[in-house]
Amino acid sequence: DHWRKRPEFLVETVARFRTLCPDFRVLLIGKELDALQSQVLGAGIDCVLYDRGVTPIGEYPSLYKELDCLLITSCTEAGPLPLFEALATGVPVVATPVGWVPHFAAVDPSVVRLGETPEHLAKQLEPMWRDAERLFELRARIAALAEHPRLDSWFAETLQLCAALDLRGR
């Protein structure tokens, strides 16, 4: 179930980005993404699917290293895990403000950019595409962002949320 990933947001974002930068390729990494791949291809955008059921997880780091940028279009996420995977491999991120994304965007807004609409996400992708060579040279610095994420602050925030929800229920 990919509803929270908002595949329609991804398709609209890359379609808008195509008007800014016509020559790019989308890599989809995950499971049950055949329909999304068809939609992206139907929009006239080159798209390659690495199905999680076929592609061993050990190959994911090399797939991430092929990316110039990771795009996350989710409406809700705890992590999201691809954020950490991309940063750990030195890949910049453009994403909706979910999970830990706002934290990393505050730490280094030049390599983690936020957008809330497909139009804004597409505009945030443009400098990542334009500056891909410079960002490639910064991969070690980008990877350092993911070296020290601490679960203790996530646990504290989660406990605060649980306490707040529990108080509302009383």
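The cluster map of Ile, Leu, Val, Met, Phe, Trp and Tyr, joined by side-chain heavy atoms under 4.5 Å apart, puts Leu71 and Val48 in the same cluster. Put simply, Leu33 and Val54 are part of two different groups of oily side chains (I, L, V, M, F, W, Y) that touch within less than 4.5 Å, one to the next. Leu81 and Trp3 end up in different hydrophobic clusters when Ile, Leu, Val, Met, Phe, Trp and Tyr side chains are linked at under 4.5 Å. Cluster annotation: Val107 is connected to Ile142 through the hydrophobic network of ILVMFWY side chains, with a link wherever side-chain heavy atoms come within less than 4.5 Å.
The minimum heavy-atom distance between Gln39 and Val11, with the atom names listed, is OE1-CG2, 3.7 Å. Residues Ala95 and Val101 come closest through the heavy atom pair CB-CG1, 3.7 Å. Of all non-hydrogen atoms in Gly58 and Pro61, the two that sit nearest each other are O-CD, 3.5 Å. Heavy-atom minimum distance, Glu126 versus Cys21: CG-SG, 3.9 Å. Considering every non-hydrogen atom in both Val91 and Arg139, the closest pair reads CG2-NH1, 3.9 Å. Taking each heavy atom of Pro97 and Gly115 in turn, the nearest pair found is CD-O, 3.7 Å.
Atoms NZ and OG1, on Lys5 and Thr96 in that order, are 10.0 Å from each other to the nearest 0.5 Å. In this structure, SG on Cys47 lies 5.0 Å from CD on Gln37, to the nearest 0.5 angstrom. Once rounded to the nearest 0.5 Å, the distance linking CD of Gln124 with CG of Leu114 reads 7.5 Å. Atom CD1 in Ile29 sits 5.5 Å away from atom CG in Leu67 (nearest 0.5 Å). Here OG1 of Thr55 is found 13.5 Å from NZ of Lys31. Values are rounded to the nearest 0.5 Å. For the atom pair CG (Leu125) and CZ (Arg18), the distance works out to 15.0 Å, reported to the nearest 0.5 Å.
Checked options Ile72, Leu36, Leu121; the residue passing with Leu10 is Leu36 (criterion: side-chain contact (heavy atoms from CB on, under 4.5 Å)).
Under 4.0 Å is where a charged nitrogen must lie from a carboxylate oxygen, and between Glu32 and Arg52 no such pair does. Under 4.0 Å is where a charged nitrogen must lie from a carboxylate oxygen, and between Glu66 and Arg25 at least one such pair does.
Side-chain contact between Val98 and Leu83: absent, with no pair of heavy atoms (C-beta onward) separated by less than 4.5 Å. In this structure, Pro82 and Glu77 have side chains that are not in contact, with every pair of non-hydrogen atoms separated by 4.5 Å or more. Using a 4.5 Å cut-off on side-chain heavy atoms (C-beta onward), Glu119 and Thr13 make no contact. The side-chain heavy atoms of Phe24 and Val14, taken from C-beta on, include a pair separated by under 4.5 Å.
Applying the ring-ring contact (aromatic ring centres under 6.0 Å, His included) criterion to Tyr50, with sequence neighbours excluded, gives no partner residue. Residues that satisfy the ring-ring contact (aromatic ring centres under 6.0 Å, His included) test with His103, not counting sequence neighbours, are Trp100.
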Inset, instruction - Report the C-alpha distance between Leu135 and Asp68 in whole Å, list the side-chain angles of each, state the deciding distance to 0.1 Å, and finish with yes or no for side chain to side chain contact (heavy atoms under 4.5 Å, CB included). - result: CA-CA 8 Å; Leu135 289 167; Asp68 289 326; over 6 Å; no
Inset, instruction - Start with the C-alpha distance between Leu27 and Leu63, add both sets of side-chain angles, then the distance that settles side chain to side chain contact (heavy atoms under 4.5 Å, CB included), and finish with yes or no. - result: CA-CA 9 Å; Leu27 297 183; Leu63 294 176; 5.7 Å; no
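Sorted by first and then second residue, the ring-ring contact (aromatic ring centres under 6.0 Å, His included) pairs involving residues 62-81 (not counting sequence neighbours) form an empty list.
Panel note: side chain Arg113, backbone Pro92; no donor-acceptor pair is recorded below 3.5 Å. Listed for the Thr19 side chain is no donor-acceptor partner under 3.5 Å among the backbone atoms of Ala15.
A donor-acceptor contact closer than 3.5 angstrom is absent between the side chains of Ser110 and Arg134.
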